[in-house]
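Report on the following structure.
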Amino acid sequence: MEKEIIIDNQLDEVTRIAQFIEELGMSLHLPASITMGINLAIEEAVTNIIRYGYPPNKESEIILRTSVAPGMLTTRIIDDGISFDPTEKEATASTQSLDQQLTQGLGLFLIRRTMDKVEYHSTNNHNELILTKNIDMNFEPEATLKTNICKIEEVTILTVEGRLDTANSNTFNTIIQPLLNMESPDIIVNCEALSFISSSGLRSMITLQKSVTQHNGQLVLEAMKPEIRKIFDMTGCSNLFTIR
């Protein structure tokens, strides 16, 4: 079975890919954890291509083509932007600070960690990134981003539900803006219904953590799903937060 989607090289097109992968996962009855991993890797790859593969204002298209074999889902991302082989860029976590990793390759790190195989080819003025993931069954659809902020006595509770990804991170940053100006804040982030987080979402969380620390406050992340905790752990972000 093969499916294909063609998008413009614009960041607001990334949401179409997320919907495409979720619909594919539903048709294959994939579990939420597998669909999230595939979605995360593809979003990071396409976002990097859009941000760094084209000169400003150059219009082009990116092709996303999926194929399914027994126990395996392969995604081919084809573009005509600047050639860049992510398989040649090794992880540098041992020599870089976490802040450096977040700005210099966290997306690539997430791609390598969430996919089972990553390949790259460049021919005839086109780049082809091939991502392979072992697949399973029993899919449950994801949700879009929903948030709620309330205050109980002196504690501010921020509830985050659904996807905290590239498409939603700007909205999330606007929502948390008032929290960045609080003096001595005591904030709990309820992550119980958080179903997906990308590198953009991690950056937003780190921005909140830095602000809370600068204002002599406390930030706690609560009730995180195992698959979300795994992303925090694999990127080293767990060391920046109090998670319980």
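One-based numbering along the sequence shown. Every value quoted in this text rests on a predicted model; they were computed, and no experiment measured them. Heavy-atom basis, side chains included; hydrogens, waters and symmetry copies ignored.
Across every non-hydrogen atom of Ala223 and Asn190, the tightest pair is CB-OD1, 4.1 Å. The minimum heavy-atom distance linking Gly25 with Thr35 is given by the pair CA-OG1, 4.2 Å. Scanning both residues, Ile77 and Ala45, for their nearest heavy atoms gives CD1-CB, 3.8 Å. Counting all heavy atoms, side chain and backbone alike, Ser204 lies closest to Asn173 at OG-OD1, 2.6 Å. Annotation for Val118 and Arg112: closest pair CG2-CA, 4.4 Å, computed over non-hydrogen atoms.
Taking 4.5 Å as the limit, some side-chain heavy atom of Phe172 sits within range of a side-chain heavy atom of Thr147. Counting heavy atoms from C-beta on, the side chains of Ser238 and Ile243 come closer than 4.5 Å. Inter-residue side-chain proximity for Thr242 and Leu219 is flagged as unmet; no heavy-atom pair is nearer than 4.5 Å. Using a 4.5 Å heavy-atom threshold, the side chains of Leu40 and Phe196 count as touching. Here the side chains of Ser199 and Leu110 are in contact, with some heavy-atom distance below 4.5 Å. For the pair Ile62 and Ile49, the minimum side-chain heavy-atom distance is below 4.5 Å. Considering only heavy atoms from C-beta on, Val212 stays 4.5 Å or farther from Met182 through its side chain. In this structure, the side chains of Ile50 and Val14 come closer than 4.5 Å at one or more pairs of heavy atoms.
Interatomic distance, Leu64 CG to Ile21 CD1, rounded to the nearest 0.5 Å: 5.5 Å. Atom OG of Ser211 is separated from atom CD1 of Ile206 by 13.5 Å, given to the nearest 0.5 angstrom. In this structure, the separation between CG on Asn134 and CD1 on Ile38 is 9.5 Å, given to the nearest 0.5 Å. How far CD1 of Ile5 is from CD of Glu23: 8.5 Å, rounded to the nearest 0.5 Å. Annotation: the span from His215 atom NE2 to Leu180 atom CG amounts to 8.0 Å, rounded to 0.5 Å. Considering CD of Glu2 and OG1 of Thr66, their distance stands at 8.0 Å, rounded to 0.5 Å.
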Practice problem: For the pair Ile188 and Arg244, evaluate side-chain contact (heavy atoms from CB on, under 4.5 Å) and give the outcome as yes or no after the intermediate values. | Solution: CA-CA 10 Å; Ile188 294 175; Arg244 65 188 188 196; 3.8 Å; yes

Practice problem: Report the C-alpha distance between Ser184 and Asn216 in whole Å, list the side-chain angles of each, state the deciding distance to 0.1 Å, and finish with yes or no for side chain to side chain donor-acceptor pair (under 3.5 Å). | Solution: CA-CA 5 Å; Ser184 302; Asn216 301 313; 5.4 Å; no

Exercise. Let me see the working for Thr213 and Gln209 under side chain to side chain donor-acceptor pair (under 3.5 Å), right down to the final yes or no.
Key: CA-CA 6 Å; Thr213 300; Gln209 173 64 64; 3.0 Å; yes

Self-check item: Intermediate values then yes/no, side-chain contact (heavy atoms from CB on, under 4.5 Å), Leu24 and Leu73
Solution: CA-CA 10 Å; Leu24 177 65; Leu73 179 109; 3.6 Å; yes

Exercise. Assess whether side chain to side chain donor-acceptor pair (under 3.5 Å) is satisfied between Asp116 and Thr132, documenting all intermediate values.
Key: CA-CA 6 Å; Asp116 295 299; Thr132 302; over 6 Å; no

Practice problem: Test Glu43 against Ile17 for side-chain contact (heavy atoms from CB on, under 4.5 Å), laying out the working first. | Solution: CA-CA 7 Å; Glu43 176 177 315; Ile17 290 179; over 6 Å; no

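Around atom NZ of Lys225, more than 12 heavy atoms belonging to other residues, nucleotides or ligands sit under 6.0 Å away. When the shell of 6.0 Å around CD of Glu4 is examined, it contains more than 12 heavy atoms from other residues, nucleotides or ligands. For Asn181, the CG atom sits in a packed shell: over 12 heavy atoms of surrounding residues, nucleotides or ligands are nearer than 6.0 Å. Environment of CE in Met72: sparse, with no more than 12 heavy atoms of neighbouring residues, nucleotides or ligands closer than 6.0 Å.
In the hydrophobic clustering of this structure, Ile130 does not group with Phe20; members are Ile, Leu, Val, Met, Phe, Trp, Tyr whose side-chain heavy atoms approach within less than 4.5 Å, directly or through other members. Cluster membership check: Ile228 does not share its hydrophobic cluster with Val220, using side-chain heavy-atom separations under 4.5 Å among Ile, Leu, Val, Met, Phe, Trp and Tyr. Connection of Phe84 to Met115 is established within a shared hydrophobic cluster, with ILVMFWY side chains joined at heavy-atom distances below 4.5 Å, either directly or through further cluster members.
No donor-acceptor distance shorter than 3.5 angstrom exists from the side chain of Glu227 to the backbone of Met36, with no hydrogens or angles considered. In this structure, Asn168 contributes its side chain and Leu164 its backbone to no donor-acceptor pair below 3.5 Å.
Qualifying side-chain hydrogen bond (donor to acceptor under 3.5 Å, both in side chains) partners for Glu119, counting only residues two or more places apart in sequence or in other chains: none. Applying the ring-ring contact (aromatic ring centres under 6.0 Å, His included) rule to Phe232 yields the partners Phe241; only residues at least two apart in sequence or on another chain are considered.
Between Ser60 and the choices Asn9, Asp79, Asp8, Asp80, the side-chain hydrogen bond (donor to acceptor under 3.5 Å, both in side chains) rule is met once, by Asp80.
Using a cut-off of 4.0 Å between Lys/Arg side-chain N and Asp/Glu carboxylate O, Arg113 and Glu44 are scored as not salt-bridged.
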Give the table of side-chain donor-acceptor pairs shorter than 3.5 Å for residues 149-159, with sequence neighbours excluded, one pair per line with atom names and distance.
none

